[in-house]
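Order of listing sets the numbers, starting from 1, for every ligand and every atom in it.
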Amino acid sequence: MSEEAPPEELTAKQRLALPAHTMPLADAEERIHTFDEVPTGYTLAMARAEARRCLQCKKPHCIGGCPVGIDIPTFLRQVDEGDIAGAAKTIRETNFLPAVCGRVCPQDKQCQALCTVGAKHTPVGIGSIERFVADYERERGLDRTPEMAPDTGKKVAIVGAGPAGLTGAYELRRRGHAVTVFEAFHRGGGVMVYGIPRFRLPLEIIDSDLAFLESMGVQFAYNILIGKTLTLDDLFADGFDAILIATGAGLPKMLDIPGSNLNGIYSANEYLTRVYLMHANEFPAHPTPIYQGKKLGVVGAGNTSMDVLRTGKRLGAEVTCYYRRSRAEAPARSEELEHAEQEFIDFKWLSNPVEFIGGDDGFVKAIKCMRMELSEPDESGRRRPVATGETFIDPVDTVVMSLGCNVNPILSQSDDDIFTNKWGIVMVDKETCHTSKAGVFAAGDSITGGSTVILAMGQAKKAAARMHEYLSGTFDYVLDVPDDPEAPGMQWSFRTRKTGKKSATQA
Ligand SMILES: Cc1cc2nc3c(=O)[nH]c(=O)nc-3n(C[C@H](O)[C@H](O)[C@H](O)COP(=O)(O)OP(=O)(O)OC[C@H]3O[C@@H](n4cnc5c(N)ncnc54)[C@H](O)[C@@H]3O)c2cc1C
Ligand code: SF4
């Protein structure tokens, strides 16, 4: 159904001459006092006007940049024609979480980076249009139920309710399998709920996706830590025919410098979890507290750091970011960095924390940093920071370390058959996502050590397709493991008869 009359045909030259429509942002002075979403969204007219800029390329490079292969030109044409419901259907064919992806995907590095228009002009705003379409679908309650296969009688357990687990649940349920998602926390969503802030991803979007999965018949079992409450073998004994591990990478890395154990020092993971999962900022209305300081220092300048900095600002703190390299080397996406800068956050570049100084009460009072300078590029291609010998001390009453995460070993340590590499990453056959234990597959951050929502979803889709083959009896699997797979430097591999490939090696 078209919202309006179809637009007149334009030549490629005319399309290239159309102005780009960037999504409007809430005013920085006002938005730092709320957790409301910062980009305010397209109107229908803006979405259609932006979609008009698409050239409908014969070879659409944008699709190659999308880890789940959305048919981008088709949905853009449908938006251009005013057929928003049709566009929603097109996106849903390959992407189960479009309202999430339209908001948090790094489109500037994926589909939009490859858009032909971007060679000389601003690329088409694919992500913003995807967000508009998904919101339109949700707000109008359009039917999003996929074609469902009849029940197969097979039972699947999914461990973890983040984007990988939820995508696996969707893909396996629609193929007719009974699906139960086991989640350690009291609610689903994974990092989409307890990491990514509300001002980037409102909770109602995740809740709507969880409710939709429930309406498809997916069961959720909360407050169950697989590896402690139940083991993988318990699940098999309970009648599950296959298992998908989708436990993410939630074990924070911390700086090992003097004072690291002082009170008032958090990992980014704990800080964000307290605020967004436990609503600690609303203590005592909610039972979990957070130490809400007046001067917050954040160590690191990646995307997660930007989320912590901007969260701290909204909690009323004066916020400073400490990073040992310069702005040019900061790993955060430029858009995230710009949004943080707009929000009056202080950045101390070339500042390497060397000590946290505490008071008699055991709480952190100050941060001591070494001033750095840049020398030659290191193996990562970024210029190496070297100490100048000059230090400075800043007063702080809260510190958040945002230095990345590792895979939590709780599950793999509870089962000797699940092989991990030296960083705890669950080893899988890259073609099939099958682990070293028969009938157990894995996807998402647990097999990469940390990436993005859409990559986690892409892997879960691949794993679900192979799990379906496994459950249907057409997946033929052979494990090739040496006698001592844990031996230092040991190379080990496993393969399927189907692909014949050996694709996992122990580093
Ligand atoms: C602060 C932050 C911001 C981010 N921002 C972005 C962004 O803007 N865009 C983007 O694309 N990506 C972003 N990411 C990365 C992205 O969120 C992850 O790559 C993605 O969530 C991984 O999905 P997953 O399903 O593998 O794991 P997770 O989302 O981590 O979900 C894993 C789930 O498994 C549960 N679990 C763990 N162990 C067990 C167990 N033993 N038993 C039962 N349940 C268990 C966990 O509680 C969790 O709910 C961000 C990450 C962080 C930390
Ligand atoms: S590459 Fe850009 S212009 Fe071409 S089809 Fe994709 S979105 Fe449209």
Enquirer: Out of Cys405, Pro67, Ala184, who is nearest to atom 45 (C) of ligand 1 when you count heavy atoms only?
Expert: Ala184
Enquirer: Of Thr90, Leu76, Ile91, Thr94, which meets side-chain contact (heavy atoms from CB on, under 4.5 Å) against Asp71?
Expert: Thr90
Enquirer: For atom 1 (S) of ligand 2, what is the closest protein heavy atom, and at what distance to 0.1 Å?
Expert: Thr116 N, 3.4 Å
Enquirer: Side chain or backbone of Val453 under 4.0 Å from ligand 1, or both, or neither, by non-hydrogen atoms?
Expert: both
Enquirer: Taking a cutoff of less than 4.0 Å between a non-hydrogen atom of the residue and any ligand atom, is Ile410 in contact with ligand 1?
Expert: no
Enquirer: Can you tell which of Ala161, Gly195, Pro163, Gly250 gets a heavy atom nearest to atom 23 (O) of ligand 1?
Expert: Pro163
Enquirer: For atom 4 (Fe) of ligand 2, find the nearest protein heavy atom and state the residue, atom name and distance (0.1 Å precision).
Expert: Cys57 SG, 2.3 Å
Enquirer: Is Asp80 salt-bridged to Arg77, cutoff N-O under 4.0 Å?
Expert: no
Enquirer: Can you tell me how far CG of Leu210 sits from CZ of Phe220, rounded to the nearest 0.5 angstrom?
Expert: 5.0 Å
Enquirer: What residue and atom, counting heavy atoms only, is the protein's closest point to atom 5 (N) of ligand 1, and at what distance?
Expert: Arg200 NH2, 3.1 Å
Enquirer: Heavy atoms only, cut-off 4.0 Å: how does Leu166 contact ligand 1, side chain, backbone, both, or neither?
Expert: neither
Enquirer: Assess whether a salt bridge exists between Arg131 and Glu37, defined as any Lys/Arg side-chain N lying under 4.0 Å from an Asp/Glu carboxylate O.
Expert: yes
Enquirer: Between Tyr276 and Thr311, is there a side-chain donor-acceptor contact under 3.5 Å, judged purely by atom types and distance?
Expert: yes
Enquirer: Report yes or no: is the cationic atom of Arg310 (NZ for Lys, CZ for Arg) closer than 6.0 Å to the six-membered ring centre of Phe199, at no more than 45° off its axis?
Expert: no
Enquirer: Taking Lys313 first and then Glu343, would you say they form a salt bridge - that is, a charged N and a carboxylate O separated by under 4.0 Å?
Expert: no
Enquirer: Is there a heavy atom of Glu183 sitting under 4.0 angstrom from any atom of ligand 1?
Expert: yes
Enquirer: So which heavy atom in the protein is nearest atom 51 (C) of ligand 1, and how far is it from that ligand atom?
Expert: Val191 CG1, 3.4 Å
Enquirer: Between Arg324 and Glu329, does any side-chain N to carboxylate O distance fall below 4.0 Å?
Expert: no
Enquirer: Starting from atom 2 (C) of ligand 1, which protein heavy atom do you reach first, and at what distance in Å?
Expert: Thr304 OG1, 3.6 Å
Enquirer: Which protein heavy atom lies closest to atom 3 (S) of ligand 2, and at what distance to 0.1 Å?
Expert: Leu55 N, 3.3 Å
Enquirer: Check each atom of ligand 1 against the heavy atoms of Phe182 and keep those under 4.0 Å away; list them by number with element.
Expert: 43 (C), 44 (N)
Enquirer: Examine His61 and say whether one of its N/O/S atoms is closer to atom 6 (Fe) of ligand 2 than 2.8 Å.
Expert: no
Enquirer: Using a 3.5 Å distance criterion without hydrogens, assess whether the side chain of Gln14 forms a donor-acceptor pair with backbone atoms of Thr11.
Expert: yes
Enquirer: Compute the ring centroids of Tyr323 and Phe347, then answer whether they are less than 6.0 Å apart.
Expert: no
Enquirer: Taking non-hydrogen atoms only, is Val159 closer than 4.0 angstrom to ligand 1 via side chain, backbone, both or neither?
Expert: side chain
Enquirer: Tell me the contacting part of Tyr194 for ligand 1: side chain, backbone, both, or neither, using a 4.0 Å heavy-atom threshold, strictly below.
Expert: side chain
